[in-house]
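All figures in this text were calculated on a predicted structure; none of them were measured in a lab. Here is how names work: the chains are called A, B, and so on, in the same order as the sequence lines, proteins then strands, and each is numbered from 1. Note: hydrogens, waters and symmetry copies are ignored here, and every other heavy atom, side chains too, is used.
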Amino acid sequence: KNQVEQSPQSLIILEGKNCTLQCNYTVSPFSNLRWYKQDTGRGPVSLTIMTFSENTKSNGRYTATLDADTKQSSLHITASQLSDSASYICVVSDFAGNNRKLIWGLGTSLAVNP
Amino acid sequence: DTGVSQNPRHKITKRGQNVTFRCDPISEHNRLYWYRQTLGQGPEFLTYFQNEAQLEKSRLLSDRFSAERPKGSFSTLEIQRTEQGDSAMYLCASSSSGEQFFGPGTRLTVL
């Protein structure tokens, strides 16, 4: 069964600190892996999208890594801000065509405190 | 605003009533998706359109649910005879090739 598992389930950090979120997947065949940020009551917003040939991709203070061999990904947030408080969801596509087959993780809920 | 828009943002209804949600995708995006998301869960795929054709429906989409995209632009999702279990956030996304862009969602509460 295709699955996406994320850890930790929730995380609390102080403003200005760094953190790393983990994603393990068993999806096969693998097309791409995405990280989304979802604020409470809003739709998900894409942070990064990586294919199997990409090891790392950055978007401002967000850096995602991908190890397609071990089927692991991480999202590193640098110098956290209060506005980073959100749910971060790892999503894996198992269809290389139009990417409609997305397998969603349950997300990591991040709280950044002053 | 050229992003995906959804209306209404919030809907409260009584059990047994019908509700209809609207999604306006990003212009020229030919693909449109509907998802349902409950608290603490990731979005669950409901259905997918390419232009006006509904190409896939999840088993989650019972016969009380119907979606249309008559002109290949905006889409509507109707839920008939709502049940309390239908309470959720209903998300719409659109894409042209790969990445899906999500709307803000419609929060449905069935009393």
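Annotation: the span from Met89(B) atom CE to Arg42(A) atom CZ amounts to 8.5 Å, rounded to 0.5 Å. Here OH of Tyr35(B) is found 4.0 Å from CG of Leu102(A). Values are rounded to the nearest 0.5 Å.
Annotation: Lys57(B), atom NZ; neighbour count of heavy atoms from other residues, nucleotides and ligands within 6.0 Å does not exceed 12. Around atom NZ of Lys11(B), no more than 12 heavy atoms belonging to other residues, nucleotides or ligands sit under 6.0 Å away. Around the CZ atom of Arg61(A), the shell of radius 6.0 Å holds more than 12 heavy atoms that belong to other residues, nucleotides or ligands.
Proximity to chain B (any heavy atom under 4.5 Å) is shown, for Gln9(A), by neither the backbone nor the side chain. The contact between Gln37(B) and chain A is made entirely by side chain atoms (from C-beta outward), counting heavy-atom distances below 4.5 Å.
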Practice prompt. Determine, stepwise, if the pair Ile49(A) / Gln100(B) fulfils side chain to side chain contact (heavy atoms under 4.5 Å, CB included).
Written response: CA-CA 11 Å; Ile49(A) 178 170; Gln100(B) 295 183 22; over 6 Å; no
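The hydrophobic cluster containing Leu33(A) also contains Tyr62(A), counting ILVMFWY residues as joined when their side-chain heavy atoms lie under 4.5 angstrom apart, directly or transitively. With hydrophobic clusters built from ILVMFWY side chains whose heavy atoms lie under 4.5 angstrom apart, Tyr88(A) shares a cluster with Leu82(A). Placement of Val4(A) and Leu11(A) within a single hydrophobic cluster is found when ILVMFWY residues are connected by side-chain heavy-atom separations under 4.5 Å, directly or transitively. Clustering ILVMFWY residues whenever any of their side-chain heavy atoms sit less than 4.5 angstrom apart, transitively, puts Ile12(B) in a cluster other than the one holding Val19(B).
Ranked by heavy-atom pairs shorter than 4.5 Å toward chain B, the options Ser109(A), Ser87(A), Gly105(A), Gly41(A) are led by Gly41(A). For the set Pro43(B), Gly105(B), Pro104(B), Gly103(B), the entry with the most heavy-atom pairs within less than 4.5 Å of chain A is Pro43(B).
Counting heavy atoms from C-beta outward, Phe102(B) and Tyr36(A) have side chains that approach closer than 4.5 Å. Residues Leu91(B) and Pro44(A) meet the side-chain proximity criterion, which asks for heavy atoms closer than 4.5 Å.
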